[in-house]
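First up is the structure itself, then whatever we jot down about it.
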Amino acid sequence: MSSTFNEKCYSLIKKIQKGKITTYKCIAKALGTKAYKAVGNAMHNNPLLYKIPCHRVIKSNGDVGGFVLGKKEKIKLLKSEGIPIKSNKIQNFNKFLFKFQKTSA
DNA sequence: CCCTTGACCAAAC
DNA sequence: GGTTTGGCCAAGG
């Protein structure tokens, strides 16, 4: 069970479809909190880098954010999925934002 | 249990 | 439009 806040973040991120992205803020909001920074921390603690598409998580201002393997690698992955990026910034990222399913209306 | 850290955010300059 | 400041929350030492 989600013992820690991090587990919740991973569960949500794992639901992100290919070609879609989200922001740290969106995740925090989906969890009903404002721990944007805590979400980022969870990513850094991400024990399943190859199972959790954390590279699909970006900042709210459109910046690619950070990545354990480096921003370059993150950008490459996103571009590989069809996300247009320029100068480390997502182009029209708002258009690719993934909507999380709410357990209840 | 107190203090520091962090893949952040929004506003101010 | 890029840089700096303060604020927010959770996890780790």
Side-chain angles (χ1 to χ4, degrees):
Chain A
M1 321 315 283
S2 46
S3 312
T4 60
F5 177 84
N6 302 28
E7 291 279 337
K8 299 179 188 175
C9 299
Y10 305 143
S11 297
L12 225 63
I13 297 165
K14 280 194 287 191
K15 292 173 187 170
I16 302 177
Q17 305 163 1
K18 181 183 177 186
K20 293 282 186 172
I21 57 176
T22 190
T23 67
Y24 301 99
K25 182 182 176 185
C26 194
I27 297 172
K29 199 170 191 180
L31 293 176
T33 181
K34 295 164 200 148
Y36 325 112
K37 213 178 258 190
V39 175
N41 264 348
M43 300 300 93
H44 196 205
N45 279 280
N46 180 358
L48 298 172
L49 178 62
Y50 294 101
K51 184 132 168 105
I52 302 174
C54 54
H55 61 270
R56 292 182 190 151
V57 185
I58 63 170
K59 301 212 285 189
S60 294
N61 68 325
D63 199 88
V64 295
F67 200 52
V68 181
L69 306 179
K71 295 191 280 189
K72 283 178 57 181
E73 199 60 35
K74 186 168 181 177
I75 293 171
K76 190 158 74 172
L77 285 167
L78 290 172
K79 290 179 87 173
S80 219
E81 299 195 353
I83 307 297
I85 302 178
K86 187 173 189 178
S87 297
N88 296 352
K89 309 272 185 177
I90 311 292
Q91 305 300 301
N92 298 335
F93 74 98
N94 179 39
K95 176 169 137 183
F96 298 96
L97 278 178
F98 173 76
K99 288 179 167 291
F100 292 108
Q101 303 175 341
K102 287 221 166 172
T103 47
S104 62

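The analysis underlying the following values was restricted to heavy atoms, covering all of them including side chains, and did not include hydrogens, waters or symmetry mates. Residue numbers start from 1 in every chain, and the chains themselves are labelled A, B, ... in the order their sequence lines are given, proteins ahead of strands.
- Taking atom CG of residue Asn88(A) and atom P of nucleotide dC8(B), one finds them 13 Å apart after rounding to whole Å.
- Of the candidates dC9(C), dC8(B), dA7(B), the closest approach to any side-chain atom of Phe67(A) belongs to dA7(B).
- A pairwise comparison of heavy atoms in Ile16(A) and Phe100(A) identifies CG1-CE2, 4.1 Å as the closest pair.
- Partner Ile85(A) forms a side chain to side chain contact (heavy atoms under 4.5 Å, CB included) with one of Asp63(A), Ile58(A), Ile75(A) and no other, that one being Ile75(A).
- Checked by atom type and distance alone, the side chain of Lys74(A) pairs as donor or acceptor with a backbone atom of Gly66(A) at under 3.5 Å.
- One can place CG of Asp63(A) at 14 Å from C1' of dG1(C), the figure rounded to the nearest angstrom.
- When distances run from any side-chain atom of Lys37(A) to the nucleotides dC9(C), dC8(B), dA7(B), the shortest one goes to dC8(B).
- In this structure, OH of Tyr24(A) is placed 17 Å from P of dA11(C), rounded to the nearest angstrom.
- Side-chain N or O atoms of Tyr10(A) include one that pairs as donor or acceptor with a backbone N or O of Ala42(A) at under 3.5 Å.
- With dC9(C), dA7(B), dA10(C) as the choices, the nucleotide that has an atom nearest any side-chain atom of Lys34(A) turns out to be dC9(C).
- Computed from coordinates, the Lys29(A) NZ to dC9(C) P distance equals 15 Å when rounded to whole Å.
- Atom pair Ile27(A):CD1 and dC8(C):P shows a separation of 21 Å (rounding to whole Å applied).
- With distances taken from any side-chain atom of Asn61(A) to the nucleotides dC9(C), dA7(B), dC9(B), the minimum falls on dC9(B).
- For Tyr36(A) and dC9(B), the OH to P distance is 8 Å, given to the nearest whole Å.
- Val68(A) comes within 4.0 angstrom of a nucleotide base, judged by non-hydrogen atoms across all strands.
- For the pair Ser60(A) and dC9(B), the criterion of a side-chain N or O lying under 4.0 Å from OP1 or OP2 is met.
- Here the side chain of Lys25(A) is nearest to one of dA7(B), dC9(B), dA11(C), namely dC9(B).
- Summarising the geometry, the separation between NE2 on His44(A) and P on dG6(B) is reported as 8 Å, rounded to the nearest angstrom.
- With Gln91(A) contributing its side chain and Lys89(A) its backbone, the two residues share a donor-acceptor pair below 3.5 Å.
- Map Thr33(A) and Asn45(A) each onto its nearest nucleotide of DNA chain C; the residue landing nearer the 5' end is Thr33(A).
- Among the nucleotides dA7(B), dG6(B), dA11(C), the one closest to the side chain of Lys74(A) is dA7(B).
- Ranking dC9(B), dG6(B), dA7(B) by closeness to the Ala38(A) side chain, first place goes to dG6(B).
- Taking atom CG on Asn41(A) and atom P on dA10(C), their separation rounds to 12 Å, with Å as the unit.
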